[in-house]
Amino acid sequence: MGFISEPRIDVKIRKMAERVRWRDPAIADRGIDQTRLVFDDGKPDTPEFSFMVIGDSGSGPHRGHNPQRQIAEQMFQHRDECRFVLHTGDVIYLVGSSEYYPKNFIEPYREFLVGGETGKAIAYDQMVFAFPILPVPGNHDYYDLSPFYGLAAQLMLPVRRLLQSHVDLDVGWHGSYQGRAYARAFLDCLKDRLPGTLDQHLNEHYTAKTKSGACLRYQPGHFTRLPNRYYSFRMGGIDFFALDSNTFNAPSPLPDSQEGDAYRRILEKRLEQIERDKMEVSEASAKLTPDSPDTVEQMDDLQAKLQQLDEVERDILKQLASNEMTVVDSEQLNWLEKELIESWHDPDARGRIIYFHHPPYVTEATKWHQAQTLMVRRRLRRVLNDVAKAIGSLSEGRSIVDLVLNGHAHCLEHLQTVDTGHADAYTNWIICGGSGYSLRRQRQEGPELTELMEAGDDAKETFIERSVAKSKLYVGRKGSGSQKHRPYSFLRIDVKAGNPPRFVVRPFISDWFEHRWVNQVLDPFEVCALQSSLR
């Protein structure tokens with residue numbers, strides 16, 4: 001995907017901060033917490049409630065069928081019983097462009113938007129949710145498109161229309177403009193307000209009160225903006241923490257040593273092989289024409305393989321460029337640590353859920369060995385370790401967080417960590433990234449994840465490979481030929497009363513099989529935060 005570029009982490013942080021006027025004196029002087037929101041939907045705050053989860057959904061029709069719309073129709077049936085939807089990122093494919101919000105978000109979820117069900121045209125930056133959808137940004141929501149490719153895409157538009165969806169990559173004139181489209185679609189962009197109107201706006205919408213001060217009041221059907229790219233809220237005694245993992249997933253610099261040089265050469269050879277593999281896939285795809293359903297599905301498979309190769313290539317390129325200044329979003333990670341500590345000391349908080357895009361644990365075919373997976377895992381571990389030290393015996397054997405929700409991997413997966421040697425041990429991890437975009441298979445190595453860990457005494461440093469997690473459920477692309485399954489998915493999670501809380505997870509599947517949809521509900525499973533339940 002050489003036509004795609006990704007902003008540097010410092011640029012992402014700076015641009016998003018400017019859009020919400022982060023820590024502007026006009027806001028800070030009012031004691032407003034720009035990382036918190038309070039729900040005001042007119043419903044009682046009870047310890048038992050339900051919510052839905054989707055992720056990696058933001059694509060248009062898939063060569064004649066629309067999995068995102070199929071999932072949305074299933075979700076709509078649960079709207080009266082659930083309070084909100086969490087979205088784990090990649091809201092818009094392929095490059096987060098405002099051009100594709102109408103087709104790739106507004107149209108599929110029209111019943112969730114004020115005025116959407118009547119067919120009224122809705123501008124992407126004027127959306128109001130009748131039913132809350134609370135996203136975090138994915139990597140595609142930050143991507144940009146080279147001007148040359150944007151022009152080429154428009155010149156090819158007559159051909160793309162002639163072939164309908166068969167060669168449409170969901171790209172137009174431009175990309176996200178460094179995440180601007182996502183910000184204008186979902187965040188409260190205070191930068192756009194003049195001083196006088198800013199005061200009026202704050203007086204109207206930042207009137208909720210919490211222990212941290214005033215904050216944004218989220219009102220379905222009336223005002224449904226988010227205060228920041230990362231934020232928190234509480235419902236039924238459960239604290240939810242939404243993170244932007246795009247700003248703490250950068251690889252560490254390669255070591256300036258013989259080992260570092262050797263690893264660099266390995267990466268360069270991998271890049272050469274990837275380029276050869278991409279050429280073979282492109283040549284095979286060029287020989288096909290979309291003149292039958294079977295051929296269309298072959299083209300879809302080849303496109304999915306090409307996207308996987310692109311993803312691995314981008315991860316390697318990030319590692320090779322990592323000797324440049326590596327920026328880590330320490331401010332966000334410090335915020336998470338502080339908020340988790342405060343949550344544990346708050347007697348009204350009985351549980352904690354974190355959701356963000358990049359999964360620290362995953363068995364999808366391309367993800368476990370990626371550098372960004374390792375770095376997200378290490379940085380989250382560091383936060384959880386520090387929280388564990390700060391709260392001491394307060395956790396009484398419970399994991400620091402009850403549940404972690406992610407996307408990025410195009411599948412549905414439930415994993416449990418074992419004794420990792422860190423405070424992320426005995427934790428439930430659920431990936432919900434199969435809600436609309438091309439699905440992926442599970443890795444051939446199987447469901448158990450291992451990593452190298454230090455062992456031995458100070459005199460002799462050694463490493464051993466030990467198990468850290470195991471996949472309990474994986475739903476993704478499987479089969480081949482006429483027996484190929486594409487099971488897209490979303491989750492309904494029922495939160496139960498009690499301390500610690502219990503969560504009943506209900507997976508809903510829409511399987512594209514033999515050129516038709518087959519809907520099914522998998523057996524529900526229960527997760528909780530007690531370490532003893534995983535031993």
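Because the structure is predicted, anything quoted here is derived from the model rather than measured.
- The two residues G351 and P501 have their closest heavy-atom pair at CA-CG, 4.1 Å.
- Side chain of D141 to backbone of G138: a donor-acceptor contact under 3.5 angstrom is found.
- In plain terms, the two heavy atoms of S98 and A181 that are nearest each other are N-CB, 3.8 Å.
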Yes or no on side chain to side chain donor-acceptor pair (under 3.5 Å) for T363 and W368, after CA distance, side-chain angles and deciding distance? CA-CA 6 Å; T363 67; W368 177 244; over 6 Å; no
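- A donor and an acceptor atom, one from each side chain of S50 and E81, are nowhere located under 3.5 Å apart.
- Judged by the 6.0 Å distance and 45° axis criteria, R477 is not positioned over the aromatic ring of W512.
- Residues E526 and R502 are paired through a salt bridge, judged by an N-O separation under 4.0 Å between the basic side chain and the carboxylate.
- Of the N and O atoms on the side chains of Y437 and N104, not one donor lies less than 3.5 Å from an acceptor on the other residue.
- Between F513 and H485, the ring planes are parallel. Angles under 30° get that label, and only those over 60° would be called perpendicular.
- Distance check, rounded to the nearest 0.5 Å: CG of N428 to CG of L415 gives 9.5 Å.
- Under 3.5 Å, the side chains of H87 and S57 contain a donor-acceptor pair of N or O atoms.
- T224 and Q219 share no donor-acceptor pair across their side chains, judged by distance under 3.5 Å alone.
- For K103 and D170, the salt-bridge test passes: some basic side-chain N is under 4.0 Å from an acidic carboxylate O.
- A side-chain N or O of D56 and one of Y93 form a donor-acceptor pair less than 3.5 Å apart.
- The pair D494-R492 counts as a salt bridge, with a side-chain nitrogen and a carboxylate oxygen less than 4.0 angstrom apart.
- Under 4.0 Å is where a charged nitrogen must lie from a carboxylate oxygen, and between E413 and R440 no such pair does.
- A salt bridge links E339 with R36: at least one charged nitrogen is closer than 4.0 Å to a carboxylate oxygen.
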For E111 and R79, run salt bridge (Lys or Arg N to Asp or Glu O under 4.0 Å): C-alpha distance rounded to whole Å, both residues' side-chain angles, the deciding distance at 0.1 Å, then the answer. CA-CA 10 Å; E111 291 92 350; R79 190 175 72 163; over 6 Å; no
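- There is no side-chain donor-acceptor pair under 3.5 Å between R234 and S343.
- Listed for the H357 side chain is a donor-acceptor partner under 3.5 Å among the backbone atoms of T88.
- Y361 carries R377 over the face of its six-membered ring, with the cationic atom under 6.0 Å from the centre and within 45° of the normal.
- Applying side chain to side chain contact (heavy atoms under 4.5 Å, CB included) to R466 and the options L452, D419, V418 leaves one that passes, D419.
- Salt-bridge annotation for K484 and D511: absent, with no side-chain N of the basic residue lying under 4.0 Å from a carboxylate O of the acidic one.
- Contact between P359 and T373 at its shortest, heavy atoms only, is O-CG2, 3.4 Å.
- Within the cation-pi definition used here (under 6.0 Å to the ring centroid, within 45° of the axis), K472 does not qualify as a partner of F525.
- When side chains are defined from C-beta on, Q416 does not count as touching T427, because their heavy atoms never get closer than 4.5 Å.
- In this structure, R352 is positioned above the aromatic face of W344, its NZ or CZ under 6.0 Å from the six-membered ring centre and within 45° of the axis.
- Side-chain N/O atoms of T35 and N228 include no donor and acceptor closer than 3.5 Å.
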Any chance you could lay out the salt bridge (Lys or Arg N to Asp or Glu O under 4.0 Å) test for R184 and D125, step after step, and finish with the verdict? CA-CA 5 Å; R184 294 183 67 85; D125 57 353; 3.4 Å; yes
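- Salt bridge annotation for E364-R441: absent, with no cationic side-chain nitrogen under 4.0 angstrom from a carboxylate oxygen.
- By the 4.5 Å heavy-atom criterion applied to side chains, Q34 and L190 are counted as neighbours.
- Classification of R229 and D329 as a salt-bridged pair holds, one side-chain N sitting under 4.0 Å from a carboxylate O.
- In this structure, a donor-acceptor pair under 3.5 Å is absent between the side chains of S435 and Q68.
- A cation-pi contact, defined as under 6.0 Å to the ring centre and within 45° of the axis, links R314 to Y143.
- A salt bridge does not link R217 with E204: every distance from a Lys NZ or Arg NE/NH1/NH2 to an Asp or Glu carboxylate oxygen is 4.0 Å or more.
- By the 4.0 Å N-to-carboxylate-O rule, E342 lies too far from K211 to be salt-bridged with it.
- Panel note: side chain S245, backbone H358; a donor-acceptor pair is recorded below 3.5 Å.
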